[in-house]
Amino acid sequence: GVEAQKRMGASTFFVLGDLDGVAAEACKNIVLAGVGTLRIWDNGMDAYDANAPPGNFLATAGAAGKAAGSITVARAMRDTLQEMNPFCFVECR
């Protein structure tokens, strides 16, 4: 109910590690559910790197139109997730 949604809006969720397709799907669901803060930490890999974790649809969308070497997977995800729910604070590192 309303109280549960308030608690969710006051909560923080942390994702650390390889940001592959499974992580992207989980982050999307968490942001759309209404969590207050999402923190995403990865190893700083370029979103255009051939060795980037596969299947991350959020990073692909967030990196569109940006130069190779200018955006990390986490930052590209942050940009996309922030658009999905502007009420959720999405932080990346």
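Keep in mind it's a predicted model, so treat the numbers as computed, not measured. Position 1 is the first residue of the sequence, and the numbers go up from there.
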Practice task
Indicate yes or no: at least one non-hydrogen side-chain atom of Cys88 is less than 4.5 angstrom from one of Leu81.
Solution key: no

Completion exercise
Between the CE atom in Met84 and the CG atom in Leu58, the distance rounded to the nearest 0.5 Å is 5.0 Å

Exercise for the section: Please check if Val73 and Val31 belong to a single hydrophobic cluster, counting links between Ile, Leu, Val, Met, Phe, Trp and Tyr side chain heavy atoms closer than 4.5 Å. Expected result: yes

Fill in the blank from the handout: Looking only at heavy atoms, the pair that brings Ala74 and Asp42 closest together is N-OD2, 3.3 Å

Problem - Same apolar cluster: Phe89 and Met77, side chain cutoff 4.5 Å - result: no

Handout entry: Spacing of Glu25 atom CD and Ile30 atom CD1 [to the nearest 0.5 Å]
Key = 10.5 Å

Table please: side-chain donor-acceptor pairs of residues 59-68 below 3.5 Å, with sequence neighbours left out.
unit_1 : atom_1 : unit_2 : atom_2 : d
Thr60  : OG1    : Asn56  : O      : 3.1
Lys66  : NZ     : Gly62  : O      : 3.1

Completion exercise
Here the pair of heavy atoms bringing Ala52 nearest to Ala47 is CB-O, 4.5 Å

Problem - Closest approach of Gly34 to Gln5 (non-hydrogen atoms, all atoms of both residues) - result: CA-NE2, 3.9 Å

Which pairs would a plain distance check flag for residues 6-24, meaning a side-chain donor or acceptor within less than 3.5 Å of a matching protein atom at least two apart in sequence or in another chain?
unit_1 : atom_1 : unit_2 : atom_2 : d
Ser11  : OG     : Met8   : O      : 2.6
Asp20  : OD1    : Val22  : N      : 3.3
Asp20  : OD1    : Ala23  : N      : 3.1

Completion exercise
In short, Ile40 meets Arg78 closest at the heavy-atom pair CD1-N, 4.4 Å

Problem - side-chain hydrogen bond (donor to acceptor under 3.5 Å, both in side chains) involving Glu91 - partner list, sequence neighbours excluded - result: Arg39

